[in-house]
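Below: the structure, in structure tokens.
Only heavy atoms go into these numbers, but all of them, side chains included; no hydrogens, no water, no symmetry mates.
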Amino acid sequence: MTQARVFQQFEIRPETRQLLVSEQPVSIGARAFDVLLALTERSQRVVSKAELLDLAWPGVVVEENNLTVQISTLRRVLGHETIVTVTGRGYRLKATPLDAPAPTEPALAVNDDTAPRLQRRLAVIAQAEVVGWSRLVARDPTRAATTWKRIRVDLIERSLPQFGGRPIELTAERLQLEFGSAVEAVAWAVELQELLAERRQAADPSENPAFHLRIGIAVDDVIVDDGKLVGDGVNVAADLQLSAVHDEILTTQKVSDFVSDKIAVGFEPLGQRVMQKSQRPLHVLRVVAGARHRAVTALRPVGVRLASLAVLPFATEGPATDAYFGEGVTEEIIAALSLNRALFVIAHGSTLRYRGNDQNPAAVAAELGVRYLVTGRVRRAGSQVRIHVSLIHAADQRVIWQQPFDGVVEDLFAFQTEIAAKVAAAVAPQVQDEEVAQARHRPTDSHDAYDCVLRALAGMVKLGTPEFDAAGQLLTRAVALDPGYAQAHAHLAWWYSLRQFDGLSSADGQEGRLALDHALQSVRLDARDAWALSVAGYMLSLQKQHDEALDLFDRALTLNPSCAAAWARSAATLCYVGRAEEALARLDRAMRLSPFDQHMFWHLTICGGASFVARRYDESAGWLGKALRLTPGFNGARRLQIAALVRTGELAEARALAEQFLIDCPKFSVQEFGQWSPMQRPHLDDLMSALRLAGLPD
């Protein structure tokens with residue numbers, strides 16, 4: 001039961017929902033009481049507006065002014081100075097609880113003009129997010145909000161002091177925390193994931209939604225600005241969290257260096273990735289904990305990276321008394337595979353716990369620390385037995401190989417041995433082929449070329465800046481260092497296309513031809529790379545070869561239906577040929593697949609173009625406004641925005657934008673634009689006419 005909290009000038013009683021000021025009951029609304037209760041329970045820190053909205057209006061989307069109204073009500077009752085606004089962060093209760101212990105460290109100075117405004121220091125930042133929050137809320141908003149609030153309070157807020165952590169910001173779906181040490185941050189994250197797993201296993205899924213977290217932990221420099229943390233430490237933690245999948249904890253090499261050998265966890269390298277917010281390449285590692293860590297570290301030969309595999313207990317279809325047969329086959333297959341020194345096979349005792357377990361294969365593989373799973377079903381009818389076996393690549397749950405085996409049970413043990421030998425003989429080459437294929441498809445053997453591409457990616461979205469020009473130089477160098485590097489050719493082609501779309505290409509069309517050459521070369525080098533195929537398709541579309549482009553997009557999406565770039569670029573081609581509704585549907589899918597795409601400004605621009613083609617000009621102006629807020633100098637969006645405003649009747653605003661556009665692009669000509677634009681008539685005529693009406697020269 002929550003006890004009453006007594007402050008200097010008021011008392012709050014949660015059980016009876018009473019507020020006493022100077023020992024006299026005062027009537028306030030239910031929402032105001034909820035806001036005050038949230039502030040009193042978190043009186044030691046600043047509470048963000050998003051967190052207060054979540055706590056006082058669980059499961060309901062409301063405007064921020066509703067919170068402002070309740071804060072004003074409380075200030076009138078308690079005194080204006082009782083609740084302090086911390087600019088850019090939220091609110092803090094300034095009143096001190098009468099039972100508060102003496103502070104062990106200086107409190108946050110909210111209005112201390114003598115305190116320094118900026119301070120740099122090293123910090124350990126953890127950021128966590130609920131996976132699929134929007135889906136959980138859409139399914140049952142009240143239950144999702146209530147369950148998450150219980151988890152956040154019971155498992156997170158109450159555990160933080162034990163690990164030396166403090167909340168920076170807690171919202172409806174996200175946590176941002178600071179810890180005193182990397183060791184404690186990792187220990188907290190591991191324990192939290194384990195507690196959540198236990199909670200999911202014990203809960204009735206029909207009554208309580210299953211919550212999964214993805215967590216990023218970074219040690220880096222931060223800036224303290226009026227109590228708020230900003231800078232690399234916060235950005236890297238956010239990037240790691242965005243890169244993680246459900247139940248995963250990702251860290252940097254710095255975190256691994258601090259934590260290694262201090263607690264019972266390991267770190268599995270995932271390679272180098274370019275971070276979205278910090279805009280730099282980092283080596284990312286996955287935290288390996290619990291039984292999985294013990295199995296991997298105890299059994300894997302030091303310094304050798306073997307193909308790792310687990311054989312899960314085979315399911316038996318039929319009487320429960322036949323279950324022993326499936327278990328016997330499983331054990332025989334493990335024994336046979338273990339004879340192959342090229343494989344790292346998890347022992348039978350470690351996989352028995354998954355008997356009858358319907359857990360997601362990717363989650364099982366993550367727990368065991370393996371890349372491949374062997375699963376099977378046994379069906380027995382009298383003396384007839386059929387065993388169906390599958391080999392799965394765990395990360396993407398792709399079935400590499402599957403096959404049924406039929407036999408007659410006369411000598412049970414001999415039959416088990418025979419089946420195990422056949423499965424081992426079939427599985428080992430498939431795993432080997434998969435590993436060879438992955439090695440063959442490493443981006444490049446040239447570290448320098450790969451490094452050039454990684455460094456170029458950060459500048460690709462900064463059109464009109466020196467960083468964008470430098471990106472082109474880096475990609476050109478990557479291709480020179482390794483002419484067989486398919487992705488380098490594709491990225492260079494995309495760089496040229498962005499220049500063309502932004503109106504920066506030379507008049508002779510040389511850069512457009514280079515873009516097409518590099519795109520087609522990337523496909524010749526790797527015809528099964530969906531991303532490269534999507535770039536080549538778009539280059540063909542820019543050359544007005546729209547049918548050929550759509551053929552390449554179909555190939556790309558057949559190879560990888562989850563390639564957001566292929567959905568978005570094919571949408572652009574559909575927009576150019578006038579199929580606006582299909583284009584918008586594909587863009588919607590692309591943005592759902594990659595909601596934090598670094599080229600979101602381009603996706604939004606194509607949304608604006610498709611809406612313009614559909615003659616929904618107000619909608620077009622809205623999309624283009626969003627694109628320009630992300631990348632204000634993107635000329636492709638500026639041209640379309642000028643035309644959209646003309647068609648919505650905002651002629652004065654359109655002409656003002658056109659004047660500014662001509663200052664930045666003095667050589668622009670509507671006629672020349674029409675000659676290279678891939679958009680087809682009559683939509684191109686509509687666009688050119690609107691640009692002329694805005695005052696752009698013909």
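- Ala218 approaches Gly233 most closely through the heavy-atom pair CB-O, 3.8 Å.
- Contact detail for Val287 and Thr251: the closest heavy-atom pair is CG2-CG2, 3.6 Å.
- To the nearest 0.5 angstrom, Gln176 atom CD is 5.0 Å from Gln127 atom CD.
- Under the 4.5 Å side-chain criterion, counting only non-hydrogen atoms from C-beta, Thr375 is not in contact with Phe314.
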Applying side chain to side chain contact (heavy atoms under 4.5 Å, CB included), run through Leu195 and Arg199 and close with a yes or a no. CA-CA 6 Å; Leu195 290 172; Arg199 189 185 187 98; over 6 Å; no
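- Between Trp188 and Phe179, the angle of the ring planes lies from 30° to 60°, which puts this pair in the tilted group.
- The shortest distance between side-chain heavy atoms of Thr252 and Leu285 does not fall below 4.5 Å.
- The aromatic rings of His491 and Trp531 sit tilted, their planes meeting at an angle between 30° and 60°.
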Could you go through Leu630 and Leu604, starting from their C-alpha distance and side-chain angles, then the distance that decides it, and tell me whether this counts as side chain to side chain contact (heavy atoms under 4.5 Å, CB included)? CA-CA 10 Å; Leu630 288 176; Leu604 293 169; 3.6 Å; yes
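- Other residues, nucleotides and ligands contribute more than 12 heavy atoms inside 6.0 Å of the CH2 atom of Trp494.
- Checked options Ile249, Val284, Asn235, Ile125; the residue passing with Leu240 is Val284 (criterion: side-chain contact (heavy atoms from CB on, under 4.5 Å)).
- Open room surrounds CZ on Arg379; 12 or fewer heavy atoms of other groups in view lie less than 6.0 Å from it.
- Across Val219 and Phe258, no two heavy atoms sit closer than the pair CG1-CE1, 3.7 Å.
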Applying side chain to side chain contact (heavy atoms under 4.5 Å, CB included) to Trp567 and Asp588, what does each step give before you reach the verdict? CA-CA 9 Å; Trp567 287 108; Asp588 178 68; over 6 Å; no
Phe163 vs Glu191, side chain to side chain contact (heavy atoms under 4.5 Å, CB included): CA-CA, chis, key distance, verdict: CA-CA 10 Å; Phe163 293 91; Glu191 179 174 292; 3.6 Å; yes
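- Within the 4.5 Å cutoff, the side chain of Gln193 has heavy atoms near those of the Leu213 side chain.
- In this structure, Arg150 CZ and Phe211 CZ are separated by 9.5 Å, a value rounded to the nearest 0.5 Å.
- How far CD1 of Ile392 is from CG of Leu373: 6.0 Å, rounded to the nearest 0.5 Å.
- Between Val234 and Ile168 there is no side-chain heavy-atom pair separated by less than 4.5 Å.
- Taking CG of Leu36 as the reference point, atom CD of Glu41 lies at 10.0 Å (rounded to 0.5 Å).
- Asp257 and Gln253 form a side-chain donor-acceptor contact under 3.5 Å, judged by distance and modelled atom types alone.
- By the 4.5 Å heavy-atom criterion applied to side chains, Val374 and Ser390 are not counted as neighbours.
- Side-chain contact between Val190 and Leu192 is absent, with no heavy atoms from C-beta onward closer than 4.5 Å.
- The minimum heavy-atom distance between Cys607 and Leu584, with the atom names listed, is O-CD2, 3.8 Å.
- Between the side chain of Glu129 and the backbone N or O of Leu242 there is no donor-acceptor pair closer than 3.5 Å.
- Expressed to the nearest 0.5 Å, how far CD of Gln403 lies from CH2 of Trp401 amounts to 5.0 Å.
- Of all the heavy atoms in Ile215 and Ala189, the pair that sits closest is CD1-CB, 4.0 Å.
- Between the CZ atom of Arg569 and the CD1 atom of Ile606 there is a distance of 11.0 Å, given to the nearest 0.5 Å.
- Inter-residue side-chain proximity for Leu196 and Leu155 is flagged as met; some heavy-atom pair is nearer than 4.5 Å.
- With a 4.5 Å cut-off on side-chain heavy atoms, Val255 and Val186 count as touching.
- The two residues Tyr91 and Leu39 make their nearest non-hydrogen contact at O-CD2, 4.1 Å.
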